[in-house]
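Here the structure is laid out as structure tokens; the discussion comes afterwards.
Computed over heavy atoms, backbone and side chain alike; hydrogens, waters and symmetry mates excluded. Since the model is a prediction, treat every value here as computed from it, not as a measurement. Below, read A as the first sequence line, B as the second, and so on, with proteins coming before strands; counting in each chain starts at 1.
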Amino acid sequence: MLDHATVQPLGLTFDRVSHGYDIGKSVLPVLEDVSLDIQPGEFVALLGPSGCGKSTLLRLAAGLEVPRRGRVQGDGRPVTAPGPDRILVFQDATLFPWRTVRGNVEAGPGARGELAAKRARVDEALQLVGLEAFGDAFPHQLSGGMAQRAAIARALVNDPRLLLLDEPLGKLDSLTRLNLQKDLVRLWQVRGFTAILVTHDVEEALLLADRVVLFSPRPARIVQEVRVDSPHPRRRDDPALIATRSALLAKLGVLEDV
Amino acid sequence: MTEAIDFRQAGFSAERPFRPWREGIFAALAWGATAAVTWGLPDVIQWGATGLFASLAGLVALVFLTLAILVPLRGWQGGVLTHYGPWFIALGLWLLVWEITTAKLGWLPKPFFSPPQGLLHVYMTDWDRLLICVAYTARLWGLGFFLGITLGFAGGVGLGWSKRFAYWGMPLLKLIGPVPASAWIPCAFFIFPSTFHASVFLVALASGIPVAILTASGISQVNRSYYDVARTLGASSRWQIRNVAIPAALPNVFVGLFMGLYYSFAVLVVAEMLGAKFGLGWYLQFNTAYSAYANVYAALVIMALICAGLVRALFSVRDRVLGWQKGIL
């Protein structure tokens with residue numbers, strides 16, 4: 001049976017966060033004064049032109065980097081280091097190529113020495129993403145969509161309270177994309193984690209998220225926030241969705257008739 | 001060929017005409033020619049085991065002739081044997097040319113060159129000493145190589161992983177790396193309690209340095225995202241080294257191991273200069289000093305075969321360990 005256990009979702013706060021990277025001797029600013037409150041269990045999509053700094057926001061939330069200014073807090077406590085309650089899924093599946101699919105899913109529990117207790121959970125995670133028959137396959141034997149499913153299973157097996165999705169569907173073909181979008185919503189509903197999705201696909205953002213946050217080009221600032229209230233499953237031909245989509249595209253500087 | 005006709009009458013190849021293994025027949029011809037030339041033509045200079053070599057070559061020719069008939073009957077086409085068919089022919093021709101240019105025409109004169117039967121003679125008369133030499137070399141090489149690659153691997157992991165270790169270690173490695181093994185002899189003599197220890201040190205150094213350099217560069221080239229993934233999963237540094245850095249660097253480590261294997265063989269001669277009493281390297285020098293080049297060639301052939309065997313073994317280890325790479329390469 002599928003595991004329907006839910007997790008205690010994490011609430012996340014970005015408080016006047018600015019960040020940049022050293023390029024040679026100068027600093028390239030990527031985030032400017034970003035404040036964002038994400039409620040426990042919320043699904044938020046971050047939308048913006050490519051390279052604007054949305055991914056940096058996720059790295060800060062994961063604790064892989066510490067902001068130069070401002071604070072990132074999870075449930076009121078500062079985020080300073082990565083941890084298995086906040087897991088990042090990358091655009092490339094970044095599966096460990098020397099481990100089988102099962103080995104990859106086991107990586108998290110194994111790294112924390114919890115593998116013996118969590119073996120059953122590994123099977124469940126594989127089942128949850130529909131890869132139970134591919135446990136012994138190596139990553140190079142998987143299609144792009146399967147690899148991304150495996151990466152999601154590798155994240156979910158740790159019961160993350162916050163799932164950070166950095167354009168996880170960006171490189172997939174459109175059919176695989178549609179399926180995985182549905183799967184993501186289902187997993188989010190079943191497990192109850194907080195989700196932040198970085199994407200530059202307006203439709204994807206509107207189909208999945210409770211709230212869409214629109215960013216400016218680099219350095220990223222929040223331009224607009226749009227709440228999406230229609231219940232799941234959402235239809236992409238819903239007139240309200242189409243109207244919001246056009247408005248957002250206009251904000252992004254794309255003409256109406258695209 | 002009469003055998004083949006018999007099978008045909010028995011109805012074996014009633015539908016398909018019987019085709020013997022062509023390369024087998026050519027190989028048999030080449031080896032047979034070697035046997036005939038060795039036996040039939042007079043030697044310019046007398047060499048040891050002419051008769052024995054001629055009969056051995058003739059025997060090999062007969063084996064190939066038999067195989068030429070067996071291969072189509074048993075359906076061995078496409079197997080290992082037929083894969084090496086062209087090599088069997090080339091080997092026979094090589095022996096033929098070698099035999100003619102040395103023993104029969106004397107173009108390649110004694111003592112610098114030796115015909116095949118000269119080498120055979122060495123194996124016949126000096127096999128006991130050669131066997132002891134192989135054992136001594138195996139002990140020296142085994143100790144040196146495995147010590148070298150173990151330390152080289154450990155050092156390489158440290159250099160690739162730790163910035164501070166690399167700060168001090170990399171310049172040292174770059175300085176030590178290009179120094180020829182023979183230049184170490186005075187130091188090695190002074191530092192180590194016995195010449196055997198000094199020899200082990202030289203072999204270890206030759207095999208360890210490429211492993212260290214390649215391991216370090218392999219680890220420093222690992223895709224950063226793998227570490228990001230491991231860190232978000234809650235992995236310690238120790239886990240990241242063992243489960244991310246090392247497996248990701250293993251393809252490079254194996255390149256280092258192959259280089260170390262070749263270098264360690266090249267350095268054996270130098271290592272066995274240090275007061276060794278036996279060993280293939282020692283055997284080479286001893287016989288070079290006496291201009292007994294047939295013995296030198298005989299020992300070289302043994303070394304080459306052992307080295308090729310070890311390379312082969314290392315390849316199969318690599319294929320096992322790096323099975324996950326299939327399809328990526």
Side-chain angles (χ1 to χ4, degrees), chain A residues 55 58-65 79-101 103-115 118 136-142 150-166, chain B residues 153-154 156-157 160-163 211 214-258 314-329:
Chain A
S55 302
L58 290 197
R59 291 181 67 83
L60 294 176
L64 288 169
E65 288 173 38
V79 170
T80 51
D85 56 341
R86 289 162 281 121
I87 291 198
L88 188 52
V89 176
F90 297 86
Q91 181 173 22
D92 295 302
T94 53
L95 296 172
F96 300 123
W98 50 88
R99 287 176 163 241
T100 59
V101 169
N104 268 281
V105 177
E106 284 173 346
R112 298 189 302 276
E114 301 165 359
L115 188 57
K118 285 228 174 176
D136 295 326
F138 278 101
H140 72 81
Q141 296 167 308
L142 303 181
I152 291 168
R154 179 173 66 179
L156 289 182
V157 77
N158 305 290
D159 295 323
R161 302 173 56 208
L162 172 64
L163 191 63
L164 302 159
L165 300 155
D166 189 359
Chain B
F153 177 71
V157 170
W161 181 262
S162 151
K163 286 218 167 71
V211 174
L214 268 293
T215 305
S217 80
I219 285 183
S220 59
Q221 282 166 20
V222 176
N223 185 349
R224 295 276 126 198
S225 334
Y226 291 141
Y227 295 127
D228 285 345
V229 170
R231 284 170 63 206
T232 56
L233 294 176
S236 61
S237 298
R238 206 187 143 96
W239 194 91
Q240 288 178 54
I241 293 175
R242 281 192 50 178
N243 292 281
V244 179
I246 290 177
L250 269 186
N252 270 21
V253 174
F254 271 95
V255 176
L257 285 174
F258 279 108
L314 191 55
F315 261 114
S316 63
V317 171
R318 190 198 68 164
D319 289 346
R320 220 152 212 246
V321 176
L322 297 184
W324 55 268
Q325 269 195 320
K326 265 181 210 141
I328 295 179
L329 289 181

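Between A:G63 and B:R231, the shortest heavy-atom distance links the atoms O-NH2, 4.3 Å.
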Mind listing the side-chain donor-acceptor pairs of residues 236-244 of chain B below 3.5 Å, one per line with the distance, residues two or more places apart or on another chain?
from	atom 1	to	atom 2	distance (Å)
B:S236	OG	B:W239	N	3.2
B:Q240	NE2	B:A235	O	3.4
B:N243	OD1	A:R99	NH2	3.0
B:N243	ND2	B:W239	O	3.2

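Counting heavy-atom pairs closer than 4.5 Å to chain A, the top residue among B:G234, B:G323, B:P247 is B:P247.
Under the rule for a side-chain contact (heavy atoms from CB on, under 4.5 Å), the partners of A:D92 that lie at least two apart in sequence or sit in another chain are A:T94, A:K171.
For A:L164, no part lies near chain B; criterion is any non-hydrogen pair under 4.5 Å.
Counting heavy atoms from C-beta outward, B:Y226 and A:P97 have side chains that approach closer than 4.5 Å. Using a 4.5 Å heavy-atom threshold, the side chains of B:D228 and A:F90 count as touching.
In this structure, the separation between CD on A:E106 and CG on B:L233 is 12.5 Å, given to the nearest 0.5 Å.
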